Amino acid sequence: MAATDQQKIELVMGLRAAGIRDTRVLAAIETVPREMFVPEAFRDLAYADQALPIECGQTLSQPFIVAFMTDRLKVGERMKVLEVGTGSGYQTAILAQLCRRVYTMERYRTLMKQAETRFRELRLANVTTVLGDGGRGWPAQAPFDRIIVTAAAKKLPRKLLEQLAVGGIMVIPVEVPPGRQELLRITRTDDGFERESLLPVRFVPLVEGIAKGM
Ligand code: SAH
């Protein structure tokens, strides 16, 4: 067995032990080659359960966090999902295994181009990308059944709440002073929004506007 296969099995077993029970999510982790999303210098850590640095000072989330967020998002195969913060594209590729279409937004052109190349190489035909400010969402494609944000917001972005379908779920890290963040799950009901706190987390900040010159 190749070393990466063994590392992958160990990672998936660790995720299961850590409480990720949805077999579709675990299968997606097993299917997507994380080494393709990791910078060359960190290839040997592709299946370690840790966050890794990517270009533009951003971070590829730890596999546990990717699995946990995907699990709590309860993605169905007919769903339309909005992702804010494409980064490496790893979380996007996981979502693409589980739903009908992923619309993913990134504010750095460099990261978006690299992610697009990976999506092509993996032949992911159900991913649509855009360079843009994800805090504003993607009104032309709204409403979304699910929204996942992989950068920490100062407060819940109103535009994203508006673009969530009734019955829809959003998972988003939000800053809680002083200097902490928590992962929230928001469910849109007929008469408003329900809010659950899931986990203390650490994400790079959600920043307004498109990054200049990168
Ligand atoms: N899901 C990514 C995590 C990347 S880190 C992965 O698996 O690799 C979060 C990303 O959110 C960064 O790439 C950052 O540039 C991006 N981001 C931050 N604010 C944003 C905004 N307003 N709109 C779009 N992307 C944003």
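One-based numbering, in listed order, for ligands and for the atoms of each. Throughout, numbering of the chain's residues begins at 1 and tracks the sequence. Worth saying up front: this structure is predicted, and the values here are computed from it rather than measured.
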Drop me the distance from Arg43's CZ to Thr4's OG1, to the nearest 0.5 angstrom.
12.0 Å
Under 4.0 Å from a heavy atom of Glu83: give me the atoms of ligand 1 that qualify, with their elements.
1 (N)
Give yes or no for whether the N/O distance cutoff of 3.5 Å, strictly under, is met between Glu208 and ligand 1.
no
Atom 8 (O) of ligand 1: nearest protein contact (heavy atom, Å)
Ser88 OG, 2.7 Å
Ligand-residue contact atoms, ligand 1 with Gln91, heavy atoms, under 4.0 Å:
1 (N), 7 (O)
Side chains of Thr86 and Leu111: does their closest heavy-atom pair fall under 4.5 Å?
no
Which ligand 1 atoms, with their elements, are less than 4.0 angstrom from a heavy-atom of Gln58?
12 (C), 13 (O), 14 (C), 15 (O)
Gln141 backbone acceptor or donor facing Lys80 side chain under 3.5 Å:
yes
If you apply the rule side-chain hydrogen bond (donor to acceptor under 3.5 Å, both in side chains), what do you find for Thr110 with Glu55, and how did you get there?
CA-CA 8 Å; Thr110 308; Glu55 279 186 62; 5.4 Å; no
Is it the case that over 12 heavy atoms from other parts of the model lie below 6.0 angstrom from the CZ atom of Arg109?
no
Going by heavy atoms, is Arg136 under 4.0 Å from ligand 1?
no
Report the member of Arg107, Glu106, Met112 with the shortest heavy-atom distance to atom 15 (O) of ligand 1.
Glu106
Is there side-chain contact between Thr104 and Val127, with at least one heavy-atom pair below 4.5 Å?
yes
For Pro205, is the nearest heavy atom under 4.0 Å from an atom of ligand 1?
yes
For ligand 1 and Leu60, I'd like to know whether there is a polar contact (N/O to N/O, distance under 3.5 Å).
no
By ring-ring contact (aromatic ring centres under 6.0 Å, His included) - contacts of Tyr47 (at least two apart)
none
Could you tell me whether Thr86 approaches ligand 1 through its side chain, its backbone, both or neither, with non-hydrogen atoms closer than 4.0 Å?
backbone
Count the heavy atoms of every other residue, nucleotide or ligand shown that sit under 6.0 Å from CD of Gln50, and state whether that count exceeds 12.
yes
Looking at Arg202, I'd like to know if its CZ atom is crowded, meaning that more than 12 non-hydrogen atoms belonging to other residues, nucleotides or ligands lie closer than 6.0 Å.
no
min-distance protein heavy atom vs atom 11 (O) of ligand 1 -> Gly85 CA, 3.2 Å
Parallel, tilted or perpendicular: which fits the ring planes of Phe119 and Phe37, with parallel below 30° and perpendicular above 60°?
tilted
Nearest-neighbour protein heavy atom for atom 19 (N) of ligand 1, which is reported as residue plus atom name and distance:
Val207 N, 3.0 Å
Worked verdict on Arg185 versus Glu196 for salt bridge (charged side-chain N to carboxylate O under 4.0 Å, His left out)
CA-CA 5 Å; Arg185 176 161 67 183; Glu196 296 160 78; 3.0 Å; yes
For Ala211, which residues count as a side chain to side chain contact (heavy atoms under 4.5 Å, CB included) partner, sequence neighbours excluded?
Arg107, Tyr108
Does ligand 1 come near enough to Leu206 that some N or O of the ligand is less than 3.5 Å from an N or O of the residue?
no
Do any nitrogen or oxygen atoms of Val84 come within less than 3.5 Å of a nitrogen or oxygen of ligand 1?
no
Proximal ligand 1 atoms for Gly132, defined as those under 4.0 Å from one of its heavy atoms:
23 (N), 24 (C)
Under 4.0 Å between heavy atoms, the region of Thr59 that gets near ligand 1 turns out to be backbone
Any nitrogen or oxygen of Thr150, main chain or side chain, under 3.5 Å from a nitrogen or oxygen of ligand 1?
yes
Under a 4.0 angstrom heavy-atom cut-off, which atoms of ligand 1 come close to Leu111?
13 (O)
Assess, by modelled atom type and distance only, whether the side chains of Glu83 and Gln91 contain a donor and an acceptor separated by less than 3.5 Å.
no
For Val204, atoms of ligand 1 separated by under 4.0 Å from a heavy atom
5 (S), 9 (C)
Any atoms of ligand 1 less than 4.0 Å from a non-hydrogen atom of Gly134? List them with their elements.
21 (C), 22 (N), 23 (N), 24 (C)
Per-atom contacts, ligand 1 versus Tyr108 - under 4.0 Å to a heavy atom
15 (O)
